[in-house]
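Let me begin by presenting the structure, written as structure tokens, before commenting on it.
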Amino acid sequence: MRIKLLKLAHARSGDKGDTANIGLIALREEYYPILVREVTAERVREHFKGICRGGVERFELPNLCALNFLLHESLGGGGTVSLMTDAQGKTFSTALLRMEIEIPDDEARALGLLES
């Protein structure tokens, strides 16, 4: 089944210069392994294609059931010089939560994400 990250996590985002920073936090501890498996740096870079002009780094925070992503060269130079509408990357979290991932039906059912 295809599912939006919104069903599995919440997120926060901001900036450091020209780098957007997105924290993706599992809504339930049992969702964290799915996030680790499915939400790779490569998939995030593809999701932000056309916005992220640099590399994407992913950091795992298992004690928080969270992932942190750095999207380099994504903010048009940063908040003090950029003419972008969202030069601080505040909407990047919402954009990431719209990303869809594929979960096997049996796994989705076991987690209560799919009706029997």
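When side chains are defined from C-beta on, Leu111 does not count as touching Ile103, because their heavy atoms never get closer than 4.5 Å. Proximity of Phe59 to Leu70: side-chain heavy atoms (C-beta onward) are separated by under 4.5 Å at one or more points. Residues Leu96 and Phe48 form a side-chain contact, since some pair of their non-hydrogen atoms from C-beta on lies under 4.5 Å apart.
Expressed to the nearest 0.5 Å, how far CZ of Arg37 lies from CD1 of Ile101 amounts to 7.5 Å. Distance check: Asp105 CG to Met1 CE gives 7.5 Å after rounding to the nearest 0.5 Å. Residue Lys4 holds its NZ atom at 10.0 Å from CG of Leu97, rounded to the nearest 0.5 Å. Here CG of Leu61 is found 11.0 Å from CG of Leu24. Values are rounded to the nearest 0.5 Å. Distance check: Glu60 CD to Asn68 CG gives 11.5 Å after rounding to the nearest 0.5 Å. Interatomic distance, CD1 of Ile34 versus CZ of Arg28, reported as 9.5 Å (0.5 Å rounding).
In this structure a side-chain-to-backbone donor-acceptor pair under 3.5 Å is missing from Ser13 to Ile22. Using a distance-only test at 3.5 Å, with no hydrogens or angles considered, no donor-acceptor pair links the side chain of Arg45 to the main chain of Gly55. Distance alone, capped at 3.5 Å, is enough to place a donor-acceptor pair between the Arg58 side chain and the Val36 backbone. Judged by distance alone, the side chain of Glu100 and the main-chain N or O of Leu5 form no donor-acceptor pair under 3.5 Å. Under the 3.5 Å distance criterion, the side-chain polar atoms of Arg43 are matched with a main-chain donor or acceptor of Glu38.
Between His72 and Thr19 the shortest heavy-atom distance is ND1-OG1, 3.2 Å. Heavy atoms only, all atoms of each residue included: Tyr31 and Lys7 are closest at CE1-O, 3.8 Å. Considering all non-hydrogen atoms of both residues, Ala9 and Leu35 come closest at CB-CD1, 4.1 Å. Closest approach of Phe69 to Val39, counting heavy atoms only: CZ-O, 3.4 Å. Counting all heavy atoms, side chain and backbone alike, Leu71 lies closest to Cys52 at CB-SG, 3.9 Å. Contact record, Val56 with Ala41: O-CB, 3.6 Å, taken as the closest heavy-atom pair.
Residues Val44 and Leu6 share a hydrophobic cluster, clusters being chains of Ile/Leu/Val/Met/Phe/Trp/Tyr side chains in contact below 4.5 Å. Hydrophobic clustering (ILVMFWY, side-chain heavy atoms < 4.5 Å, transitive): Ile25 and Tyr32 are in distinct clusters.
The 12-atom threshold is not exceeded at CZ of Arg98, counting heavy atoms of other residues, nucleotides or ligands nearer than 6.0 Å. The 12-atom threshold is not exceeded at CD of Glu29, counting heavy atoms of other residues, nucleotides or ligands nearer than 6.0 Å.
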